[in-house]
Amino acid sequence: MKPKTGDRISGQDPPAGKNGILAEKIGIKSILRTPKKALLFLILLATLVTLLTLVMCVHHAVSGYLDECNRYYHTIVELEYMGQEYPDSHAADSSMQASLAENADALQALLELPGVMQFDAEDALLGVIPDQRRKDYQVFDKDAAVIVVYITWWDKSTDSYSALIKNAPYAWGDVLDKITYVSLEEGTLQPGAYYVMCGHFITSANNFLLFQPEDEIVGTGEDALSVPGRQLLSGETLPGDSPYYSLAQVYKNRNNGYRVSPVTDMETLRPWQQGELKLIGGRLFTAEEYAADAQVCVISNILSTVRDLSVGDSIQISLNDCGDLIYSSWFQELAPAKEYRITGIYYRTKEYPDTLFIPRSEPNASVKMTTGYVLGQFRLNNDLAGAFEDTAERLLPAGYKLTVYDEGYGAVAGPYKELKNLSMLFLLICLLVVPGVLALYSYLFISRRREDALLQRALGAGNAHVLRGFLAASLAVTLPAAAIGLTAGRLLEGRVLDYVRVLAERFGAADIRFSSANLFTVRQLEFAPVTDGRVYLLAAVVFLVFVLLFTAAFSVDAMRERKPRRKKKPRAVHGRTSRLSGRLKFAFLSIRRGGMRTLAVVLLCAVITVFLGLLTSASDQYAAQLAEIRDNTVIRGYATDNLGRYRNGMVVPARYARDLIDAGLTDAVYLTWEVSNLRFIGVTRTADGTMRELEDLFVPQGGFAVETLQYKLSREPKWIATNSVAGAPAFYYESEPEITWLEGYGEACLTGADADLCVLPVSMMEEKGIELGDTVRFLCWLEDDDEDKAVGESDDKDRFELLDFLVAGSYVLPYGEETIYTPLGLTLPAGSEPAPLPERAYRPQRYWQGAFDHSWTYRSLHLFTFRSMIFTLSSTAELDLLRDALEGVPFEQVGVNSGVRNYAVIDDADFVSATQGMQRQIRYMNALFGCLYVAVMLIGAVGAYLLQNSRKPEIALMRALGVGPARILVTFLWEQMLLSVLGVAAGGFVWKASGGGANGLFLLLIAVYEFCWMTGSILRILRALKPKAQELLTEPE
Amino acid sequence: MAILEVKNVNYTYHTRYHTVEALKEVSGTFIRGKLYALVGKSGSGKSTLLSLMAGLMLPESGEVLFEGTPTSRMDLDKYRLYHAAVIYQSFRLFPLLTVSENITYPMELRGFRGEKARALAAELVEKVNLPAGALDRFPDMLSGGEQQRVGIARAMSMNSGLLLADEPTGNLDTENGDRLVSILLDLAHNDDYCVIVATHDLELAARADKVLRISDGMLGDG
């Protein structure tokens, strides 16, 4: 077999041993003896390694930080029912039960949304500590009682019975042998008889006890009894088997019991996650305790004090699963008490019910009813919270609310996510540039040594010998370059990462005072990356692998025997002589006959024009989108409690509303003022003008009858005076409130002086047979408070009042309680005229003057407090001014503890997130596009320079023929200008045809590009204008 | 009267590592109607002297006089355009211009353009024994000999009376080389040109009217 060239069989390789490292020695010597070129390569490659290392470090640090954030932050979404007592955490709202049943499917669908890791339904057990009698103010139902009374007489003036309490199977306070008044809704009692009664005491202003028996009490649960509200007894002794004892036991259990909350992860439970509850001793539960359903507990500081308990102590608790609403079950016999060891004690706030926490291994997934309005919480994947919120908002039934608590993950991680994308982009660029540069380096490095390779081969060296020499020479440069680059990277890493931190702070530096985006930021994880040697190792490996690959590849190519180049296909035998003449002739002919050269210039310029068009239009699109968001977003804000919840029942000084209006930054300020409660009496006049006579109503003038009626009125629908029904809290989460108006009336009538109008819920109208346009009569209790007196409203005492209102509108109750809206009688802003209303043929006899008289109340706003306030910002451009204005009023931000106790929130989280994201993208784009613009200009200049390079012989010949430099310059510049303009025009045409537009930046960049192109051409022509004589007179290379 | 005179010309090349005296006190006189052959070894200074005579550079000392005027006092661009025509070893034609356009290019530079220029180009092509069809061809459609004849035609179009050639036969075969020498001789003898040829070609030198030898930068008779 014929040995191959270079095969060891041929004996051409030097023997191993004394000549074994000859190839390497020669390779290294070749580097050492060309120090300048070697240094140039060294600097280039070291810079490359530094860049690669830094980009990898940044990407690694940012990715690591985001992973850490993901572990550190927990995003939860709390699901709440917007009941009538919302957000009272102690309320037991029976309407929730029906709503939950009705919306079970929709709520179940939420559990299946992407991003949901777990759902913890709010769950509570009734925990009873043996011998524990609660005396604190949070006792669930301390007015409930089971008593045996002796009826003494009927008191006509108070419309009630006077009675002596002879026995009290259950009462929270000491009532034995005390006199109480008994008020009945229906029926009578026999004076001189004994009765057992179950019901509630009503706190009286004059320290007398007023007891109101229930009609009947029906318990829940399997062993629940039905107990009548009262029962006649033959004597003062209650029979031993009386169900009233059972009822008394139920009251005792639930009033002395604690709320026990089993939790699967206490840290992520909203009050803990948001820092509302804080541990003041001990610890939370361990993973093992959760997994084992251990008998440990965390108790409140109140219980700790009352029972003198410390961490490590044990406590006996009987845990009773109520199955449904806690405190409603009929436990005649409690579950046996078990011993629980206390692991921690927390500080309980007023808003949170006194709760014992115990660990649980599995979450309770089925929504059930508990006290308060929290139905449960979702634990979400941090990054999918936004998507979950968007989808869930669409699925969520009316009357429910989702609130995302991300602890600040979004605000903290947002900028770093953008930076991660950016670093990924740079990393990708690096991973393209590094092989590119190394391929170029290897090519140049080897091509300079190609003759050496051929000579070595000619002298009998084998392929392996030559390859080893090349690799040694290459590594003699690249290894030190890698070492220098990695060292430089290590030295610069800290500074670069500091800059990344500063950059992230700048990205997230939007003003978010009062912003809903800032509501739940409770934790801050510092960006503190540590050096990871693996990154440096990886950078070195990537670099050296590419070096070895390319060096080997080009070495093999250099040693390969080359086939002779294929001869050029001869051109056509005939050309055509141009008839052109004059100064532009050469340029035109050169363009016309330039072939690929002409085409290349035109194509390059056209492509670059389209590319610039794409870049500038992308900038434009982003700017347009940003402007669109800014123009089309309506930003609202509201006065809130210290937890940032939008609710009624606030205390907003009217002066604050006035100052906010005076700031001139709001389009609208919607206010509500809770006047009283209204009991429907009847329709006094129907819409068609028929008058109706109503029976005289007994209105007590004093005593317990007044208090009883007041108590009853307090359960009637609320009377809210407002300047916008749609702006009332009940409609805050409704995108399109269903409000119907009588012809000629509308929202504007609520600001005017025509105050005897009302807007009623449709449900109430249907129940009472009321039509739009009817005049209806209500009974209410009006308090003559000092503030009203001061403005000269009335000198009357507190009183019951009959009021007639025209039903001018109706609304569909979105959720919560029935409310009767009447005009606020306040024209905002000051000086504007109230809307004209239709002339009314009939005015009710009792004319309600309105909550305010607009002619003077604007000046006197400081005299009032509102129960809610919503405002709408006039222009998103003035958002920061609004923040200043709120600060100046002064409102305080939620979560900030200061002397100011009035809080406000601007509901701009989505806007801030969208605009910030957009602005960040625009910033990256500007940075990236800026680089691309510079690159394009460089391509233009270098491209023109290189293309002119091939014209060097022509220029030299012209010089030899005596053509002056100016003429040569003009000739070639004409050619280049015509070509580039042609290319730009072609590109512009393509861009326009594809629907692109031209803005100022695009035109400017095209002009700059043309300038760069011409500059590149000029520089090369000027260089070529001075040929050396030898270059002309000798054979060109 | 001499069309070109070289007086005590010195020229030194300075490189980073050494200095080379290319021409030392070179003097000579060149008249119309003769073909001069400059011969010498590689690096003897032939091309340097030709560059000085062609106005591509100026001597360090001494003078090159064209019809009695030193080139140092002349605009070298104009000198090359109007007085010194050069033929190059590698032809030096504009690749994108046709033969006709290559020949008329120097004419147009001097303001002689249009049909008259093209007619003259046709005449010159005929004179250098190129077929008339060659006028519309591009240089790369022609053989080396033909391209060199285009170069001569272009030189003749300048009607300068002085024609300098640097190794004109260096890239040609014997037949084409002979033909070229005949044309150059014809130009010298019949058209009263002063033709100065730098060459290694001994046959060409043998046919020259006068042979000048350059050795170590010194000019002497061959």
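The sequence lines fix the lettering, A, B, ..., with proteins before strands; numbering per chain opens at 1.
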So, for [X] and [Y], which heavy atoms are closest and what is the spacing to 0.1 Å?
| X | Y | answer |
| --- | --- | --- |
| B:Asp77 | A:Gly964 | OD2-CA, 3.6 Å |
| A:Leu961 | B:Arg154 | CD2-NE, 4.0 Å |
| B:Tyr105 | A:Met958 | OH-CE, 3.0 Å |
| A:Glu954 | B:Phe94 | O-CE2, 3.7 Å |
| A:Val963 | B:Leu109 | CG2-CD1, 3.2 Å |

Counting only heavy atoms from other residues, nucleotides and ligands, does the tally under 6.0 Å from [atom1] of [X] exceed 12?
| X | atom1 | answer |
| --- | --- | --- |
| B:Glu25 | CD | yes |
| B:Met218 | CE | no |
| B:Asp216 | CG | no |
| B:Glu60 | CD | yes |
| B:Lys24 | NZ | yes |

Notebook entry, point to check: Just by modelled atom types, is the A:Leu957 backbone N or O under 3.5 Å from a matching donor or acceptor in the B:Arg92 side chain?
Noted result: no

Next item on the list: Go through the atoms of B:Leu97 and report whether side chain, backbone, both or neither lie under 4.5 Å from a heavy atom of chain A.
Entry: both

Notebook entry, point to check: For B:Asp191, which residues count as a salt bridge (Lys or Arg N to Asp or Glu O under 4.0 Å) partner, sequence neighbours excluded?
Noted result: B:Lys127

